[in-house]
Amino acid sequence: ECYFWINCIYFEPKYGLARILNTKIYSVLTLLDDTCDNFATYEEVLALVEAIERLDARALEELPDRMKNIYRLTLSVYDEIDEEVGKTGSMFVVEYAKEEFEQERNHAPSGVECCMKQYGISNKEAVEFLWKEISDAWKIIIQEYCQKPTLLPTIFTDRILNYARSMNLFYDNENGDCYTNPRLLKEHLTSLFIDPVHL
């Protein structure tokens, strides 16, 4: 599911390296998220977060044994990114990846839970409210993308649009969370990777 998601964002052949590196980043983020949410104690999570904020191999010895392998994996992915991106001369990508990780690691209540609390509404009302917000946001995205010139090159704006499109696929109203339940993606995966359209 990580590779499929990244393919939605970077589908063009020239972005092979971006697909590989981002798939590894998303895989590590998913593993870290699942570990912190389901398998680690609060103290273990704190130690892991402190180590990852430093991204330093010396922090390995300060971690509980159960957290060492996941930290080694995280370091190895960022080392690989440093090496691969260093060859292209685009080191800002490494800093972006580290920043993205730090934002992802802070677990927060769901949008539905926040909406329920903020507006004092039921779960059903919150879901309906958020789907309307999503619909309105799509109108703005399309209008901005199609009608107004931008200071950003299309290489960036295309990724943003593709990311928004992929979110719509992974978290749609009918299927629910396809990222957590990848079996819901089976038809899409088969269509894209096994039975592609023949030209």
Side-chain angles (χ1 to χ4, degrees), residues 1-10 17-82 84-85 93-117 123 126-127 130 134 159 162-190 192-193:
E1 59 267 24
C2 291
Y3 183 71
F4 177 74
W5 198 334
I6 296 304
N7 246 288
C8 294
I9 301 168
Y10 295 96
L17 180 61
R19 280 192 298 279
I20 292 168
L21 296 180
N22 276 286
T23 297
K24 290 181 180 188
I25 291 168
Y26 272 61
S27 297
V28 168
L29 288 173
T30 300
L31 180 62
L32 286 166
D33 184 59
D34 288 349
T35 299
C36 292
D37 285 351
N38 302 310
F39 304 110
T41 66
Y42 179 73
E43 291 75 21
E44 289 171 330
V45 170
L46 282 180
L48 183 61
V49 167
E50 288 174 11
I52 289 174
E53 284 177 344
R54 292 171 27 203
L55 282 179
D56 182 349
R58 291 175 291 202
L60 187 64
E61 298 311 314
E62 299 167 19
L63 287 172
D65 287 339
R66 292 180 354 135
M67 299 292 107
K68 287 183 179 180
N69 283 339
I70 194 166
Y71 187 63
R72 279 190 196 98
L73 175 66
T74 303
L75 288 177
S76 72
V77 167
Y78 283 103
D79 286 345
E80 182 179 352
I81 292 169
D82 274 336
E84 291 297 325
V85 175
V93 176
V94 177
E95 293 308 314
Y96 169 77
K98 290 176 181 175
E99 180 66 26
E100 182 178 353
F101 168 77
E102 295 210 3
Q103 290 173 1
E104 286 282 336
R105 70 171 169 74
N106 293 317
H107 188 63
S110 73
V112 173
E113 292 167 333
C114 291
C115 187
M116 290 169 61
K117 184 175 181 180
N123 184 285
V127 169
L130 290 171
I134 290 168
R159 297 318 119 216
N162 290 346
Y163 188 75
R165 288 175 179 148
S166 67
M167 293 292 285
N168 210 42
L169 172 66
F170 275 88
Y171 302 103
D172 73 7
N173 199 13
E174 293 177 22
N175 290 324
D177 182 350
C178 294
Y179 191 75
T180 303
N181 303 300
R183 63 184 162 69
L184 299 172
L185 290 174
K186 184 177 180 181
E187 185 179 318
H188 295 293
L189 290 165
T190 301
L192 184 62
F193 298 120

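- Under the side chain to side chain contact (heavy atoms under 4.5 Å, CB included) criterion, C2 pairs with T23, Y26, S27, T30, Y179, sequence neighbours left out.
- A donor-acceptor pair under 3.5 Å links the side-chain atoms of D177 to the main chain of T180, judged by distance alone.
- A distance of 11.5 Å separates CG in L75 from CD1 in I70, rounded to the nearest 0.5 Å.
- With sequence neighbours excluded, the residues forming a side chain to side chain contact (heavy atoms under 4.5 Å, CB included) with K68 are L60, E61, L63, D65, R72, listed by chain and number.
- Listed by chain and residue number, E44 satisfy the salt bridge (Lys or Arg N to Asp or Glu O under 4.0 Å) test with R66 (two or more places apart in sequence, or in another chain).
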Show your reasoning for whether side-chain contact (heavy atoms from CB on, under 4.5 Å) applies to N22 and I9.
-> CA-CA 10 Å; N22 276 286; I9 301 168; over 6 Å; no
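- Between atom CG of residue L31 and atom CG of residue L73 there is a gap of 6.5 Å, rounded to the nearest 0.5 Å.
- Contacts of F193 classified as ring-ring contact (aromatic ring centres under 6.0 Å, His included), with partners at least two apart in sequence or in another chain: Y3.
- Using modelled atom types, one side-chain atom of R19 and one backbone atom of Y10 make a donor-acceptor pair closer than 3.5 Å.
- Inspection of the R165 and N162 side chains reveals an N or O donor paired with an N or O acceptor under 3.5 Å.
- Y71 is linked by a ring-ring contact (aromatic ring centres under 6.0 Å, His included) to nothing, counting only residues two or more places apart in sequence or in another chain.
- The structure places CG of L46 at 11.5 Å from CE of M67, a figure rounded to the nearest 0.5 Å.
- Here the CZ atom belonging to F4 is positioned 5.5 Å from the CG atom belonging to L185, to the nearest 0.5 angstrom.
- One finds the CZ atom of R54 at 11.5 Å from the CD1 atom of I52 (value rounded to the nearest 0.5 Å).
- For the atom pair Y42 OH and C36 SG, the distance stands at 11.5 Å (nearest 0.5 Å).
- When the side chain to side chain contact (heavy atoms under 4.5 Å, CB included) test is applied to E80, the partners found at least two apart in sequence or on another chain are L21, K24, E84.
- Counting all heavy atoms, side chain and backbone alike, L184 lies closest to C178 at CB-SG, 3.7 Å.
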